[in-house]
Amino acid sequence: MPFECPVPIEDYETVTLAHGGGGKLTNRLIETLLVPALDNDVLRQLHDGAIVPSPGARLAFSTDGFVVRPPFFPGGDIGSLAVHGTVNDLAMCGARPRYLSLGFILEEGFPLRDLWRVVVSVREASDAAGVRIVAGDTKVVERGHGDGIYVHTTGLGEIVEGAEIAPSRAAPGDVVIVNGPIGDHGIAILSQREGFRFEAPDLVSDSAALWPVVERLIAACGPRVHVLRDATRGGVASVVNEIAAAARVGIVLVEGDIPVRESVRGGCEVLGLDPLYVANEGKFLAFVDPEASDAALAAIRAHPLGAGARAIGRVVDAHPGVVRLRSGFGGSRVVDMVSGEQLPRIC
């Protein structure tokens, strides 16, 4: 029986930037077109990576593409970002990253000096993360048919003992922890684009490999760490909505507890953005059993990448599938997924 496209074409006849923004249209594309056509028990987990069957060690597998513009930005570049993004997806499965593949799509005319900078950055980032590049591919497209350079990576890692992490494991009472201030990456990228120049010395991408801090967390709390997710496209708002939907629980965030640098807050105010929706590349959320929350915070804060860790909310029985933000004035509002693409080409 032939497949029939389940997406109502009267709504969207073509792909839009919002389909890649990590918000409502991204999730709709995945849930109504990709998963129905490709469905299997591993894919259905909708984890940051896939936990794949193996006769030996438990393995996690992840793949990602990077199209960030510009390719060089404060705090990193497309090469280090590609390594960090993929090893972080493995870390969010509780897996120690081991191997990466590396693919380049290059546009005719891209400077070889810049390609060398990217390759060196990949090597330095992979060495620091303890992973090896073991396979790769390079394609070149005609001038005008690309945007200089795109990078694609695939990663393989070993899930460590004690890790029992899945989006569906979020449970009422869980404490939601973030490892530091949010929104750094997205505003740092925008600071380099045409027309935006925010003068702030701390306005740099937070791009980093998160496994060292995640390893400490799992060692301290084991299976009491229920969910891990890095807050990349769509920011913290998209992550908590995805988890609320996967576990059919409600989530309440406390606005005053969410750390945001003043430079990021100022950039968001100028651009009319909410930091909750701005991309990060070195921040993750941990959903932890309340009895382990103090130990979790201590473990995360013991590493430089988690020095600014804060508990920012809780999982609740009420309003399953819905996230609410409690303000300092006692009111609350629904935090929904972003419906459009507010920050294209951010990762």
Side-chain angles (χ1 to χ4, degrees), residues 14-23 25-26 29-30 33-34 38 48-50 61-90 97 99-126 129 131-156 185-186 188-194 196 205-209 230-235 238 278-282 341-347:
T14 62
V15 173
T16 72
L17 282 173
H19 282 105
L25 288 187
T26 300
L29 187 70
I30 293 169
L33 192 152
L34 299 177
L38 306 173
D48 259 353
F61 181 84
S62 184
T63 191
D64 210 342
F66 299 86
V67 298
V68 63
R69 178 173 62 85
F72 302 95
F73 48 84
D77 56 65
I78 195 170
S80 59
L81 182 67
V83 173
H84 294 158
T86 303
V87 300
N88 288 348
D89 282 349
L90 296 172
Y99 304 104
L100 294 179
S101 71
L102 176 68
F104 288 121
I105 298 177
L106 306 172
E107 182 183 10
E108 180 187 17
F110 187 71
L112 284 175
R113 183 179 297 275
D114 286 348
L115 179 58
W116 173 249
R117 288 177 62 190
V118 172
V119 172
V120 169
S121 180
V122 167
R123 178 57 188 264
E124 291 175 346
S126 58
V131 296
R132 290 195 289 171
I133 308 294
V134 294
D137 184 56
T138 302
K139 296 291 191 298
V140 178
V141 299
E142 298 92 337
R143 191 184 302 267
H145 288 261
D147 193 11
I149 180 170
Y150 300 146
V151 180
H152 192 278
T153 48
T154 297
L156 187 68
H185 178 72
I189 295 295
L190 283 183
S191 75
Q192 297 301 294
R193 290 189 181 168
E194 296 81 5
F196 303 117
S205 171
D206 60 346
S207 181
D230 55 339
T232 53
R233 293 178 306 166
S238 289
V278 178
N280 310 270
E281 289 295 341
E341 173 58 276
Q342 62 172 351
L343 298 176
R345 305 285 302 280
I346 209 75
C347 62

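These figures come from a predicted structure and were not determined experimentally. In this chain, residues are counted from 1 in sequence order.
- One distance of note links CG of Asp64 with SG of Cys347; it measures 6.5 Å at 0.5 Å rounding.
- The backbone N or O of Phe104 lies less than 3.5 Å from no partner atom in the side chain of Thr138, so there is not a single donor-acceptor pair.
- Scanning all heavy atoms of the two residues, the minimum distance from Ser62 to Asp89 falls at OG-CB, 3.2 Å.
- In this structure, the side chains of Thr153 and Val83 stay at 4.5 Å or more apart for every pair of heavy atoms.
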Steps toward side-chain contact (heavy atoms from CB on, under 4.5 Å) verdict (His185, Ile346)
CA-CA 8 Å; His185 178 72; Ile346 209 75; 4.3 Å; yes
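- Rounding to the nearest 0.5 Å places OG1 of Thr86 at 9.5 Å from CG of Leu102.
- Heavy-atom contacts from other residues, nucleotides or ligands closer than 6.0 Å to OH of Tyr99 number 12 or fewer.
- Contact between Pro97 and Val131 at its shortest, heavy atoms only, is CB-CG1, 3.3 Å.
- Of the residues Leu81, Ile149, Val151, Asp147, the one that meets the side-chain contact (heavy atoms from CB on, under 4.5 Å) test with Val68 is Leu81.
- The backbone N or O of Asp77 sits less than 3.5 Å from a side-chain atom of Ser80, completing a donor-acceptor pair.
- Thr63 approaches His152 most closely through the heavy-atom pair OG1-CE1, 2.6 Å.
- With sequence neighbours excluded, the residues satisfying salt bridge (charged side-chain N to carboxylate O under 4.0 Å, His left out) with Asp206 are Lys283.
- Considering every non-hydrogen atom in both Val141 and His145, the closest pair reads CG2-O, 3.7 Å.
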Could you walk me through whether Asp114 and Phe72 pass the side-chain contact (heavy atoms from CB on, under 4.5 Å) test, one step at a time? CA-CA 9 Å; Asp114 286 348; Phe72 302 95; 4.0 Å; yes
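- No side-chain donor-acceptor contact under 3.5 Å links Asp230 to the backbone of Gly85.
- Atom CD of Glu281 is separated from atom CG of Asn88 by 7.5 Å, given to the nearest 0.5 angstrom.
- Listed for the Glu108 side chain is no donor-acceptor partner under 3.5 Å among the backbone atoms of Glu142.
- Between the side chain of Ser121 and the main chain of Arg117, no donor-acceptor pair closer than 3.5 Å is present.
- In this structure, Ile78 and Phe66 approach most closely via the heavy-atom pair CD1-O, 3.5 Å.
- Residue Gly186 comes nearest to Val278 through the heavy atom pair CA-CG1, 3.6 Å, listed as atom of the first residue, atom of the second, then distance.
- By the 4.5 Å heavy-atom criterion applied to side chains, Ser238 and Arg233 are not counted as neighbours.
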